[in-house]
Colleague: 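Just dropping this structure here.
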Amino acid sequence: MTRSSRHLAALAAMALAVIAAPAAGCSSKETPQAAATEPPAPTTPPTTPTPTTPPTTPTPPSPTTPPTTPPTTPPTTPPPPPIVGVPAQAIPGHADLQDDTPKEGPRLVPQEVYLQTYVKLFGDDLTPLQVEALARGADAGNVFDRWADYMSPLGFPDHKLDVNRQTNTNTLMMATFERLGIALCARKAEVELRSSPPPPPIAARRVFAFDMTPADPTDAEFAARFDVLHRTFLGYPAALAPTDRAGRFHAVFRDVVRRHAAPGAPTSRFTPQQAGWAAVCYGLVRHPEFIVY
């Protein structure tokens with residue numbers, strides 16, 4: 001065998017060896033047909049997610065009715081002891097105490113205040129001219145003249161004539177107060193104390209806000225009615241007056257009633273009791289406490 005032949009034989013042997021090697025590896029493994037015929041291993045189906053339960057909200061506790069406590073009576077505090085006054089002379093060093101400071105005398109009520117009060121006693125929402133017509137009545141000025149006649153005597157200033165306001169009373173002013181007071185009491189007695197036609201209700205009366213008694217009033221009946229007039233004109237109860245004012249005015253009332261009821265007495269538009277109450281009104285409307293303060 002030649003050298004070239006031996007070389008070819010060696011190459012062929014090497015090729016066979018190479019081919020035989022993969023075949024031997026394949027024999028040690030399963031064939032595709034065997035692998036294909038074996039059933040596949042069972043697979044676990046996908047699990048469906050279980051829905052989660054929403055978180056529960058805690059239930060608030062039910063309100064409970066508080067226990068009822070019986071009302072307790074607060075302890076009563078005894079009133080403080082009364083304060084006992086001590087005279088100034090009993091204080092050490094005040095035995096000869098005297099008040100020598102200068103005092104100012106009563107002052108005259110301003111003329112505008114007096115006029116407004118006078119108009120209000122006739123009624124609400126009345127002008128001075130309307131009051132003038134009521135005060136004059138059907139007497140053609142026998143009781144009341146004109147406001148123009150009373151402005152200067154009352155002390156109103158007149159700047160056109162350079163007349164100052166009067167701050168003190170005088171004789172002409174006091175006579176004017178008396179004239180106006182008589183006109184007020186007479187006209188109101190004609191309306192509020194009349195028997196026919198019936199007088200206005202007590203709530204609508206401005207001066208005589210009471211009913212007259214069938215007979216002459218007793219001391220108690222007079223005092224109750226006098227207190228109404230006293231509060232109307234002077235602004236405080238008659239019981240607080242510095243003197244026995246009700247008793248003194250009751251004496252005047254009795255005297256006027258007696259004179260009007262006496263035989264041969266002059267004819268009057270008033271009954272004896274009406275005249276007595278009108279006289280009491282005259283005294284209060286002209287009282288110094290009505291025109292000064």
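Since we're looking at a predicted model, the values are computed, not measured. Heavy-atom basis, side chains included; hydrogens, waters and symmetry copies ignored.
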Colleague: For P106, what residues pass the side chain to side chain contact (heavy atoms under 4.5 Å, CB included) criterion, not counting sequence neighbours?
Modeller: V292
Colleague: Please check if any side-chain donor atom of S195 sits under 3.5 Å from a side-chain acceptor atom of Q274, or the reverse.
Modeller: no
Colleague: Which atom names give the shortest non-hydrogen contact between R205 and P199, and what distance separates them?
Modeller: NH2-CG, 3.4 Å
Colleague: Among the clusters formed by ILVMFWY side chains lying less than 4.5 Å apart, do L240 and F249 turn up in the same one?
Modeller: yes
Colleague: Give the cluster check for Y150 versus I182: same hydrophobic cluster or not, with ILVMFWY residues linked at side-chain heavy-atom distances below 4.5 Å.
Modeller: no
Colleague: Following the transitive rule for hydrophobic clusters with a side-chain heavy-atom cut-off under 4.5 Å over Ile, Leu, Val, Met, Phe, Trp and Tyr, establish whether L229 and L121 coincide in one cluster.
Modeller: yes
Colleague: Other than V163, what residues sit in its cluster of Ile, Leu, Val, Met, Phe, Trp and Tyr side chains whose heavy atoms are under 4.5 Å apart, directly or through others?
Modeller: L161
Colleague: If you link ILVMFWY side chains whenever their heavy atoms are less than 4.5 Å apart, which other residues fall into the same cluster as I91? By chain and number, please.
Modeller: none
Colleague: Could you tabulate the donor-acceptor pairs under 3.5 Å formed by side-chain atoms of residues 217-227, not counting sequence neighbours?
Modeller:
residue: T218; atom: OG1; partner: E221; partner atom: N; Å: 3.3
residue: D219; atom: OD1; partner: H250; partner atom: ND1; Å: 3.2
residue: D219; atom: OD1; partner: R254; partner atom: NH2; Å: 2.8
residue: E221; atom: OE1; partner: T218; partner atom: N; Å: 3.0
residue: R225; atom: NE; partner: D211; partner atom: O; Å: 2.8
residue: R225; atom: NH1; partner: E221; partner atom: O; Å: 3.2
residue: R225; atom: NH2; partner: D211; partner atom: O; Å: 3.2
residue: D227; atom: OD1; partner: A238; partner atom: N; Å: 2.9
residue: D227; atom: OD2; partner: R231; partner atom: NE; Å: 2.6

Colleague: So do the side chains of Q130 and F122 get within less than 4.5 Å of each other, counting heavy atoms only?
Modeller: no
Colleague: Which pair of non-hydrogen atoms, one from R179 and one from N142, has the smallest distance, and what is that distance?
Modeller: NH2-O, 3.3 Å
Colleague: Quick one: do D158 and M151 satisfy side chain to side chain contact (heavy atoms under 4.5 Å, CB included)? Show the steps, please.
Modeller: CA-CA 9 Å; D158 190 344; M151 292 295 101; over 6 Å; no
Colleague: Restricting to non-hydrogen atoms, name the atom on V285 and the atom on C185 that form the minimum distance, rounded to 0.1 Å.
Modeller: CG1-SG, 4.1 Å
Colleague: Please report the shortest heavy-atom distance between H260 and A265, naming the atom on each side.
Modeller: O-CB, 3.7 Å
Colleague: Kindly check if the number of other-residue, nucleotide or ligand heavy atoms within 6.0 Å of CG (D125) is above 12?
Modeller: no
Colleague: For the atom pair CZ (R165) and CD (E112), what is the distance rounded to the nearest 0.5 Å?
Modeller: 4.0 Å
Colleague: Once you round to the nearest 0.5 Å, how far does CD of Q273 lie from CG of L193?
Modeller: 8.5 Å
Colleague: Give the intermediate values and the outcome of side chain to side chain contact (heavy atoms under 4.5 Å, CB included) for residues E132 and F144.
Modeller: CA-CA 8 Å; E132 178 182 299; F144 193 94; 3.8 Å; yes
Colleague: CG/N170 to OG1/T176 distance, rounded to the nearest 0.5 angstrom?
Modeller: 8.0 Å
Colleague: Over 60° means perpendicular and under 30° means parallel, so tell me whether F253 and W277 are parallel, tilted or perpendicular.
Modeller: tilted
Colleague: Spell out, yes or no, whether V252 and V207 are grouped together once hydrophobic residues are joined by side-chain heavy atoms under 4.5 Å, including indirect joins.
Modeller: no
Colleague: Using every non-hydrogen atom in the two residues, find where R136 and D145 come nearest and quote the distance to one decimal.
Modeller: NH1-O, 2.9 Å
Colleague: Side-chain heavy atoms under 4.5 Å apart, restricted to Ile/Leu/Val/Met/Phe/Trp/Tyr: what other residues fall into the cluster of V191, or is it alone?
Modeller: none
Colleague: Work out which heavy atom in L284 is nearest to a heavy atom in F290; give both atom names and the distance.
Modeller: O-CB, 4.0 Å
Colleague: Do R248 and D244 sit within salt-bridge range, that is, some charged N less than 4.0 Å from a carboxylate O?
Modeller: no
Colleague: Side chain to side chain contact (heavy atoms under 4.5 Å, CB included) for L184 and F233? Distances and angles first, verdict last.
Modeller: CA-CA 12 Å; L184 170 67; F233 289 108; 4.0 Å; yes
Colleague: Within this structure, what is the CD-CE distance for the pair Q166 and M173, rounded to the nearest 0.5 Å?
Modeller: 5.5 Å
Colleague: Angle between ring planes, F210 versus F208, binned at 30° and 60°: parallel, tilted or perpendicular?
Modeller: perpendicular
Colleague: Count the heavy atoms belonging to other residues, nucleotides or ligands that lie under 6.0 Å from CD of Q116, then report whether that count exceeds 12.
Modeller: no
Colleague: In Å, rounded to the nearest 0.5 Å, how long is the span from OG1 of T271 to CE of M212?
Modeller: 5.0 Å
Colleague: Find out if a path of hydrophobic residues (ILVMFWY) with successive side-chain heavy-atom gaps under 4.5 Å connects W147 to L126.
Modeller: yes
Colleague: Mind checking salt bridge (Lys or Arg N to Asp or Glu O under 4.0 Å) for D216 and listing every partner two or more places apart, or none if nothing turns up?
Modeller: none
Colleague: Are the side chains of F177 and P288 in contact, using a 4.5 Å heavy-atom criterion?
Modeller: no
Colleague: Is R286 reaching over with its side chain to a backbone N or O of Y282, donor-acceptor style, under 3.5 angstrom?
Modeller: yes
Colleague: Should L115 and L154 be marked as a side chain to side chain contact (heavy atoms under 4.5 Å, CB included) after you check the CA-CA gap, both sets of side-chain angles, and the distance that decides it?
Modeller: CA-CA 9 Å; L115 179 61; L154 285 176; 5.6 Å; no
